[in-house]
Amino acid sequence: MLDIKRIRDHTEEVRQALAKRMDAIDFRELLDWDEARRRTQAELETLRSRRNEVSGQIPQLKKSGEDVQPLFEEMKRVGSEIKALEAAAAEHEARVETFMARLPNIPDEDVPSGDKDNNQVVATWGDQPTFDFATRDHVELLSSLKMVDYERGTKLGGRGFWIYRGDGSRLEWALLNYFVETHLAAGYEFMLPPHILLPQCGYTAGQFPKFGDDVFYLESTEERERQFLLPTAETALINLHRDEIIDEGSLPLKYFAYTPCYRKEAGSYRTEERGTVRGHQFNKVELFQYTRPEDSAAALDELLDHAKRVVQGLGLHYQVSLLAAKDCSDSMAKTLDIEVWIPSMRQYKEVSSASNARDYQARRGQIRFRRQGTKKPELLHTLNASGLATSRLVPAIVEQFQQADGSVVVPEVLRKWMGKERLSPSAT
RNA sequence: GGAGGAGUGGCCGAGUGGUCGAAGGCGGCGGACUUGAAAUCCGCUGAAUCCGCAAGGGUUCCGGGGGUUCGAAUCCCUUCUCCUCCGCCA
């Protein structure tokens, strides 16, 4: 959510900043409703003030034996006027709210405008591996090594689901262990949140109302309590401190959480994204920070560096992209993706997305902090970064580290959990 | 799932229809006293929002939502959370 005051006072500036990510926007209607809302509010408060005044007088008048009946009559009228104005105010507020809830965040200065064609590669690590033999793609490798069962996954969950088995499960779990160990060492607190969340959580994260269609809902007659399966642990972590005021001294707050992520991914199925590159359920560890506004830019660098080190630890070749405005999630002012090389696709695929939401999510969730020695609470900044999405990493690992004999070399850092250096068809 | 009980400001806790944003205490901040500290005394000490250049003023908030009433922290309905007992169950 943007600050409506900023739109009121700097309409043109906001319009231009948003032009990087969306079509020209007309704020007139919004500002009219906002104006009406404030006017109604003022009238309402005058009437309520009168009512409070009279309510204070009545006991005294009664005591001195005066007739309060005429006052009752007046107050009855005032009461119904108040009711009418309350309804009008609620209506105006709802219109402002509806408009505001759909506005995306303002991109940072250094974020390129336009869509993903304008993404800028800002860093590369390692080289594209070369092979002197006919390589296999990850679907082939994972099947032949009996690490993933695609057919039975579909039998169980339908299209877009798979089953990790044997070394596949162990690799997945080893990655999670590696992430947990690394994040703990970096001072992040380990959280295991519910996977089923209330609608308010999606709103605070900025996923609702706009992207409410990409999540799986649980049945409920009441829309306001219709729970959903979380599409990322970020949705849970942003809500940890919703409606709270945090002491400045305890910032930054650093968390990470492991959850599966459940997404409909409606219409995004493409043949080259078969296998475990895109599914309705995938595992991810999410890093999250709550910071003071002046610290969020540095925190984004820190999150990105941390995520990069995790990928480097695995020895995978990757690049880092600064996303163009239209490619960022609506909630984010700036996003950098770590994209790992998938040889069979001849493409870099996102395994981590590090973003600064600035105060956009904090405003939706009323998440604030109080500076030492000041009275007024301020909105804080929130940031998140995947650390990492395992299901995207597995294809990269088996493809990048495949050998001529169809085996796969296990990255050094995972061996203590895998218990072996090499995954080979014969050994499974 | 059933039966009771409770949810009040940073914390504890009083308040059962009227002048209550709410006694009292603790904590915190400022001051007096003191070489300093402790103790003591005095004052201040929630949030949101609107009007205003400001000073200041208004309104709302006593778990959430709705209702009754001229007027609700107080009465009614509903919902959530916690506690106790019973039942059931990984």
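Basis for what follows: all heavy atoms, side chains included, without hydrogens, waters or symmetry-related copies. Sequence lines set the chain letters: A, B, ... in the order given, protein chains first and strands last, and positions in each chain run from 1.
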Approximate separation, where rounding is to 0.5 Å, of Lys146(A) NZ and Arg165(A) CZ: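 Atom-to-atom, Lys146(A):NZ and Arg165(A):CZ are 6.5 Å apart.
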Distance in Å, Arg370(A) CZ paired with Ile245(A) CD1, rounded so as to fall on 0.5 Å steps: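 One finds 5.0 Å between CZ of Arg370(A) and CD1 of Ile245(A).
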Using Watson-Crick or G-U wobble geometry with both distances below 3.5 Å, tell me the partner of [N], or none.
{"N": "C62(B)", "value": "none"}
{"N": "C82(B)", "value": "G5(B)"}
{"N": "G87(B)", "value": "none"}
{"N": "G43(B)", "value": "C29(B)"}

Test of ring centre spacing under 6.0 Å for Phe179(A) and Tyr258(A):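 No - the distance between ring centres of Phe179(A) and Tyr258(A) does not fall below the 6.0 Å cut-off.
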Distance flag, aromatic centroids of His241(A) and Tyr255(A), threshold under 6.0 Å: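 Yes, close enough.
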Roughly, in whole Å, what's the span from [atom1] in [X] to [atom2] in [N]?
{"X": "Lys76(A)", "N": "U68(B)", "atom1": "NZ", "atom2": "P", "result": "11 Å"}
{"X": "Leu61(A)", "N": "G71(B)", "atom1": "CG", "atom2": "P", "result": "16 Å"}
{"X": "Ile82(A)", "N": "U60(B)", "atom1": "CD1", "atom2": "C1'", "result": "12 Å"}
{"X": "Leu379(A)", "N": "A47(B)", "atom1": "CG", "atom2": "C1'", "result": "13 Å"}
{"X": "Glu73(A)", "N": "G71(B)", "atom1": "CD", "atom2": "P", "result": "12 Å"}
{"X": "Arg39(A)", "N": "G58(B)", "atom1": "CZ", "atom2": "P", "result": "24 Å"}
{"X": "Phe72(A)", "N": "C70(B)", "atom1": "CZ", "atom2": "C1'", "result": "5 Å"}
{"X": "Arg38(A)", "N": "U49(B)", "atom1": "CZ", "atom2": "P", "result": "13 Å"}

Strand contacts (RNA chain B) in residues 86-101 of chain A, 4.0 angstrom heavy-atom criterion: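 Going residue by residue through residues 86-101 of chain A, none turns out to have a heavy atom under 4.0 Å of RNA chain B.
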For RNA chain B, the residues among residues 44-60 of chain A that have a non-hydrogen atom under 4.0 Å from it: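 Here the set is Glu45(A), Arg48(A), Ser49(A), Arg51(A), Asn52(A), Ser55(A), Ile58(A), Pro59(A), Gln60(A).
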Contacts of Tyr203(A) that satisfy ring-ring contact (aromatic ring centres under 6.0 Å, His included) - sequence neighbours left out: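 Tyr203(A) satisfies ring-ring contact (aromatic ring centres under 6.0 Å, His included) with no other residue.
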Phe256(A): ring-ring contact (aromatic ring centres under 6.0 Å, His included) partners, not counting sequence neighbours: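 Testing Phe256(A) for ring-ring contact (aromatic ring centres under 6.0 Å, His included), a comparison that skips the adjacent residues, returns His183(A), Phe190(A).
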N or O in side chain of Arg370(A) less than 4.0 angstrom from A47(B) OP1/OP2: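 The answer is yes; a side-chain N or O of Arg370(A) sits under 4.0 Å from OP1 or OP2.
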Phosphate OP1/OP2 of U68(B): any Lys83(A) side-chain N/O under 4.0 Å: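 Yes, within the criterion.
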Between A37(B) and A14(B) - P atom distance, rounded Å: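 Going atom to atom, P in each nucleotide, I get 37 Å.
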Whole-Å C1' distance, G13(B) and A73(B):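 Going atom to atom, C1' in each nucleotide, I get 14 Å.
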Any residue meeting salt bridge (charged side-chain N to carboxylate O under 4.0 Å, His left out) with Lys308(A), in chain and number order, not counting sequence neighbours: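 Per chain and number, Lys308(A) pairs via salt bridge (charged side-chain N to carboxylate O under 4.0 Å, His left out) with Asp305(A).
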Earlier contact from the 5' end, RNA chain B, for Arg368(A) and Gly79(A):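 Its nearest nucleotide lies further toward 5', so the answer is Arg368(A).
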Considering all heavy atoms, the nearest Gln227(A)-Leu198(A) contact: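 Scanning both residues, the minimum pair turns out to be CG-CD2, 3.7 Å.
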Residue list, side chain to side chain donor-acceptor pair (under 3.5 Å) with Arg152(A), at least two apart or on another chain: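 Asp149(A).
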